[in-house]
Amino acid sequence: MDSRSHTHVTAALRLCLHALLAGLLALVVVRAVGEGAPDTAAVVTVTLLTAVLYAAGAARSSSVHPGTQAGAWWLGGLWALWAVLLVLSPDALWVAFPLYFLQLHFLPMRWALPAVVVTAAAAITSFAVHRQEIEPGAFIGPLIGAAVAVATVLGYDALFRESERRRELIVELVATRADLAEAERTAGTLAERERLAREIHDTLAQGLSSIQLLLRAAERSLPENAPAAPHVRAAREAAQANLAEARSFVRALTPPDLERGSLAAALERLCARTTAPELTVRFAVSGTPVELPTPYEVALLRTAQSALANTVRHAEARRAEITLSFMDTSVALDVVDDGRGFDPSGAPVHERATGGDGGFGLPAMRARAGSLGGALSVESGPGQGTAVALTLPLPDTEGERAA
């Protein structure tokens, strides 16, 4: 009868309710016919009308259900016919028990409980009027039936709500697992892109750059009309073309944040989208920006992401600042926060918290800095905030133009 659930349990409960009401109505008819009561014809007629009305509502459960006007009128009609049957036969009081369940099911709880009380009072009054005496059983039976019905419905509703909460938690868990799997795949893809870009730059591109420089030097040392000059020139041009192709591979493998603009713009976007309770993140550029090789930009961006992620997750800071500084011979990145800090020498908690999350750890930052000939320094102390500084030497200008 409740369209929100179609389990086998609820279907069985509906069938039991149908059978209970049909059996009690049949009992009223059998008792009236067997005892030869003067109102037997009226009892049979009202009982049949009650059965027909109940069957019609059960058959049209799509329109006759809780929360609809049709359901309210249907329930009111059943109660009215039952009230007439109470006047005609004392045995009709037992029909009150399935009526309790219908009232608790179709009416809001604030109306269902008073309706159950009224129904129980009507059953008790009918028994007293027909028997012309007051017995304890006349009170106990309807009251116990009402209490059992209320307890059953409330218990079922509690179980249903708990089941719904568990179902929602399972759905949320499955969605979270899917999100985590997607995040892991994305992180793995980005890490592999960075590795390939670094390998191409450090091996293929640098090798082609060296070949080009050597061929250029050889071309300058040859006489102008030397037979080998055209071949050297052709080899140098081939090396230059392949170097350009290698550079395009490196650019294609650049992290998405760097594809949409400069390193400074990527860092500014990182600060803007970093959120945490009561945390303000600011970004500044010092010095005159110069064009950096892709591995340098990747190292600086990843270090900023790592340090800022640690600030958000562990520092409980209110303010953080990222500064990108361009100097004559080096470029530096500083990430400073006013959080709770840690002991860099021991750092058991902070190192463990940041060393095993797929690259967002101090060892990974140091390794990235060392691969480019730079250095990473960390200054912190309990209650004194944290300062992470990455310094990379600027590449040779002529060598970078070739690379």
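Sequential numbering from 1 along the given sequence is applied to the chain's residues.
Here the side chain of R340 pairs a donor or acceptor atom with the backbone of H314 at under 3.5 angstrom. Distance alone, capped at 3.5 Å, is enough to place a donor-acceptor pair between the T119 side chain and the A115 backbone. In this structure a side-chain-to-backbone donor-acceptor pair under 3.5 Å is missing from T303 to L300. Here the side chain of Y54 pairs no donor or acceptor atom with the backbone of W74 at under 3.5 angstrom. Although no hydrogens or angles enter the test, the distance criterion places a donor-acceptor pair under 3.5 Å between the side chain of S380 and the main chain of G385. Although no hydrogens or angles enter the test, the distance criterion places a donor-acceptor pair under 3.5 Å between the side chain of T40 and the main chain of A32. Using modelled atom types, no side-chain atom of Y296 and backbone atom of L394 make a donor-acceptor pair closer than 3.5 Å. No donor-acceptor distance shorter than 3.5 angstrom exists from the side chain of T47 to the backbone of V29, with no hydrogens or angles considered.
To the nearest 0.5 angstrom, L20 atom CG is 6.5 Å from F97 atom CZ.
Atom CD of E379 has 12 or fewer heavy atoms from other residues, nucleotides or ligands within 6.0 Å.
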- Message: Evaluate E162 against R166 for salt bridge (Lys or Arg N to Asp or Glu O under 4.0 Å), listing each step before the verdict.
- Response: CA-CA 6 Å; E162 180 67 21; R166 293 188 178 185; 3.3 Å; yes

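The pair R167-E164 meets the salt-bridge criterion, since a charged nitrogen lies less than 4.0 angstrom from a carboxylate oxygen.
Legend: residues meeting salt bridge (charged side-chain N to carboxylate O under 4.0 Å, His left out) with E278, ordered by chain and number and at least two apart, are R318.
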